[in-house]
Amino acid sequence: MADLDGNQENKQFYTDIPQTTGAFHIKGSNSLDWGMKNRLARIFNPDSGKTVMLAFDHGYFQGPTTGLERVDITILPLIPYADTLMLTRGILRSVIPPSSTQSIVLRASGGPSILKELSNEDIAVDIEDSVRLNASAMAVQVFIGGDYEQQSVINMTQLVDMGTRYGIPTLAVTAVGKDMVRDAKYFRLATRMCAELGAHYIKTYYVEDGFDTVTSCCPVPIVIAGGKKRPEPEALQMAYNAIQQGAAGVDMGRNIFQAESPTAMIQAVRAVVHANETPDKAFDLYTTLINQTA
Ligand code: 5RP
């Protein structure tokens with residue numbers, strides 16, 4: 001029989017070497033199942049423990065946002081520099097090449113437009129479709145203190161339950177209403193609630209005072225949204241401060257795709273997130289990259 005031919009008798013059992021059981025590199029995730037961990041490891045780089053997520057899901061409630069009018073023209077060139085793409089299934093299927101190897105975080109909640117009460121969301125993606133699209137996580141908006149607070153929290157817990165059946169993590173996005181105070185006390189409440197109720201990681205906003213207290217009392221990783229467009233040095237400074245104060249990465253949209261040079265900006269953000277580069281050095285990189293292409 002062919003499979004017995006040439007069998008070697010000198011098997012090695014390495015009885016003197018215990019099998020290593022390494023700790024998983026993502027905060028609070030050690031007890032998750034293999035599929036969950038593997039998907040999270042596609043988001044959070046195992047070497048740096050951090051992630052640069054490129055967020056361009058804004059159209060799900062505000063239509064063709066500035067910089068996203070033609071995702072095929074403005075976003076595709078940025079994909080090689082992102083660890084993860086955060087987007088809707090509509091843009092994923094219509095524009096993103098299936099040959100892309102970046103992990104996908106799928107926008108999984110929606111409903112109201114900017115013309116209505118934004119907190120009145122529902123779950124907007126079937127778990128089967130998330131599996132079909134090979135999503136590494138599903139993102140859901142949570143409006144703590146908003147008009148539909150409870151409904152949005154239940155959206156999140158339902159996604160956590162559905163995702164757990166299939167090994168797909170849930171990203172809770174803490175959304176802040178126009179009239180709500182954005183301070184560390186609020187974000188400690190919002191992020192901790194999401195983590196306690198099962199979110200695997202959380203997206204929130206950076207605050208100048210006490211951001212380290214937000215990250216320290218949240219038992220799972222926190223990534224920051226970029227928020228409205230700022231001058232590039234300020235955006236790099238914000239990303240740097242967040243990383244130094246315990247953030248596990250960024251989920252940045254407008255401050256990248258609305259930058260003067262989005263391709264240079266995402267590389268500068270990467271330097272801050274993955275290489276702990278200072279904001280000044282990252283901005284030098286930004287200008288150098290722009291000059292190289294001029
Ligand atoms: C929409 C989102 C966006 O993905 C998020 O706001 C990130 O984009 P930006 O950096 O432009 O704020 O979650 O609610």
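Treat the numbers as computed from the prediction; the structure is a model and nothing was measured.
Gln102 and Ser100 share no donor-acceptor pair across their side chains, judged by distance under 3.5 Å alone. Between the side chains of Glu121 and Ser109, a donor-acceptor pair is found at a separation under 3.5 Å. Using a 3.5 Å distance cut-off with no hydrogens or angles, the side chains of Asn241 and Gln237 do pair a donor with an acceptor. Thr191 and Thr204 share no donor-acceptor pair across their side chains, judged by distance under 3.5 Å alone.
In terms of heavy atoms, Lys50 sits closest to Ile243 at CE-CG2, 3.9 Å. The nearest pair of heavy atoms linking Val273 to Gly249 is CG1-CA, 4.2 Å. Here the shortest heavy-atom pairing between Pro169 and His200 reads CA-ND1, 3.4 Å. Contact record, Glu117 with Asp147: OE1-OD2, 3.4 Å, taken as the closest heavy-atom pair. Considering all non-hydrogen atoms of both residues, Arg107 and Val125 come closest at O-CG2, 3.5 Å. Counting all heavy atoms, side chain and backbone alike, Ala268 lies closest to Ala282 at CB-O, 3.5 Å.
Distance check, rounded to the nearest 0.5 Å: NZ of Lys37 to NE2 of His25 gives 11.0 Å. The OH atom of Tyr240 sits 9.0 Å away from atom CD of Glu277, with the distance rounded to the nearest 0.5 Å. Considering CD1 of Ile256 and NZ of Lys229, their distance stands at 11.0 Å, rounded to 0.5 Å. The CZ atom of Arg182 sits 13.0 Å away from the CD atom of Glu208 when rounded to the nearest 0.5 Å. The CD1 atom of Ile144 lies 6.5 Å from the CG atom of Leu189; values are rounded to the nearest 0.5 Å. With rounding to the nearest 0.5 angstrom, the CH2 atom of Trp34 is 9.0 Å from the CZ atom of Arg39.
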Could you pull out all donor-acceptor pairs under 3.5 Å where a side-chain atom in residues 73-81 meets a protein atom, sequence neighbours excluded?
{"from": "Thr74", "atom 1": "OG1", "to": "Gly67", "atom 2": "O", "distance (Å)": "2.8"}
{"from": "Thr74", "atom 1": "OG1", "to": "Arg70", "atom 2": "O", "distance (Å)": "3.1"}

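Counting only heavy atoms from C-beta outward, the side chains of Val220 and Ser29 never approach each other to under 4.5 Å. For the pair Val176 and Tyr186, the minimum side-chain heavy-atom distance is below 4.5 Å. No side-chain heavy atom of Val214 sits less than 4.5 Å from a side-chain heavy atom of Tyr206. In this structure the side chain of Arg192 reaches within 4.5 angstrom of the side chain of Pro219, judged on heavy atoms. Contact annotation: the side chain of Met265 approaches that of Leu236 to within less than 4.5 Å [non-hydrogen atoms, C-beta and beyond]. With a 4.5 Å cut-off on side-chain heavy atoms, Arg42 and Asn134 count as touching. Counting only heavy atoms from C-beta outward, the side chains of Gln141 and Tyr60 approach each other to under 4.5 Å. Ser130 places a side-chain heavy atom less than 4.5 Å from the side chain of Met138.
Salt-bridge annotation for Arg132 and Asp129: present, with a side-chain N of the basic residue lying under 4.0 Å from a carboxylate O of the acidic one. Under the 4.0 Å criterion applied to side-chain N and carboxylate O atoms, Arg270 and Asp83 are assigned as salt-bridge partners.
Counting only distance, with no hydrogens or angles, the side chain of Thr65 and the backbone of Gly63 share a donor-acceptor pair below 3.5 Å. Panel note: side chain Asp251, backbone Ile224; no donor-acceptor pair is recorded below 3.5 Å. Judged by distance alone, with hydrogens and angles left aside, the side-chain atoms of Thr215 form no donor-acceptor pair with the main-chain N or O of Ala247 at under 3.5 Å. Of the possible polar contacts, none joining the Thr20 side chain to the Gly22 backbone as a donor-acceptor pair under 3.5 Å is found. Side chain of Gln62 to backbone of His58: no donor-acceptor contact under 3.5 angstrom is found. Of the possible polar contacts, none joining the Gln158 side chain to the Ile123 backbone as a donor-acceptor pair under 3.5 Å is found. A donor-acceptor contact shorter than 3.5 Å links the side chain of Asn255 to the backbone of Lys228.
No continuous path of hydrophobic side-chain contacts links Leu285 to Val250 [ILVMFWY only; heavy atoms under 4.5 Å]. If you chain together hydrophobic residues whose side chains sit under 4.5 Å apart, Tyr286 and Met238 fall into the same group. By the rule that hydrophobic residues join a cluster once side-chain heavy atoms approach within less than 4.5 Å of another member, Val142 and Leu106 end up as members of one cluster. Both Val95 and Ile266 belong to a common hydrophobic cluster when Ile, Leu, Val, Met, Phe, Trp and Tyr are linked at side-chain heavy-atom distances under 4.5 angstrom. Val71 and Leu92 fall within a single hydrophobic cluster, where Ile, Leu, Val, Met, Phe, Trp and Tyr side chains are chained together by heavy-atom contacts under 4.5 Å.
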Checklist entry - Is there a side-chain hydrogen bond (donor to acceptor under 3.5 Å, both in side chains) between Ser48 and His274 once you walk through the steps? => result CA-CA 6 Å; Ser48 68; His274 286 302; 2.6 Å; yes
Next on the checklist: For a side-chain hydrogen bond (donor to acceptor under 3.5 Å, both in side chains) check, start with the C-alpha distance between Gln244 and Asn276, then their side-chain angles and the critical distance, and finish with the verdict.
Outcome noted: CA-CA 8 Å; Gln244 299 310 311; Asn276 278 315; 3.3 Å; yes
Item to check | CA sep, side-chain torsions, deciding dist, call: Ser152, Ser119, side-chain hydrogen bond (donor to acceptor under 3.5 Å, both in side chains) | outcome: CA-CA 7 Å; Ser152 72; Ser119 66; over 6 Å; no
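More than 12 heavy atoms of other shown residues, nucleotides or ligands fall within 6.0 angstrom of atom CZ in Phe61. By the 6.0 Å contact criterion, CD on Glu128 is enclosed, its count of non-hydrogen atoms from other residues, nucleotides or ligands being greater than 12. Within 6.0 Å of the CG atom in Asn30, the count of heavy atoms belonging to other residues, nucleotides or ligands exceeds 12. Crowding of Lys281 atom NZ: a count of heavy atoms from other residues, nucleotides or ligands under 6.0 Å not exceeding 12.
Members clustered with Met36: Phe24, Ile26, Leu32, Leu40, Ile43, Phe44, Met53, Met86, Val105, Leu171, Val173, Tyr201, Val223, by chain and number, using a 4.5 Å side-chain heavy-atom cutoff among hydrophobic residues.
Between Phe187 and Tyr205, the two ring planes are tilted [angle within 30° to 60°].
Only one option out of Thr288, Leu289, Val52 pairs with Gln267 in a side-chain contact (heavy atoms from CB on, under 4.5 Å); it is Leu289.
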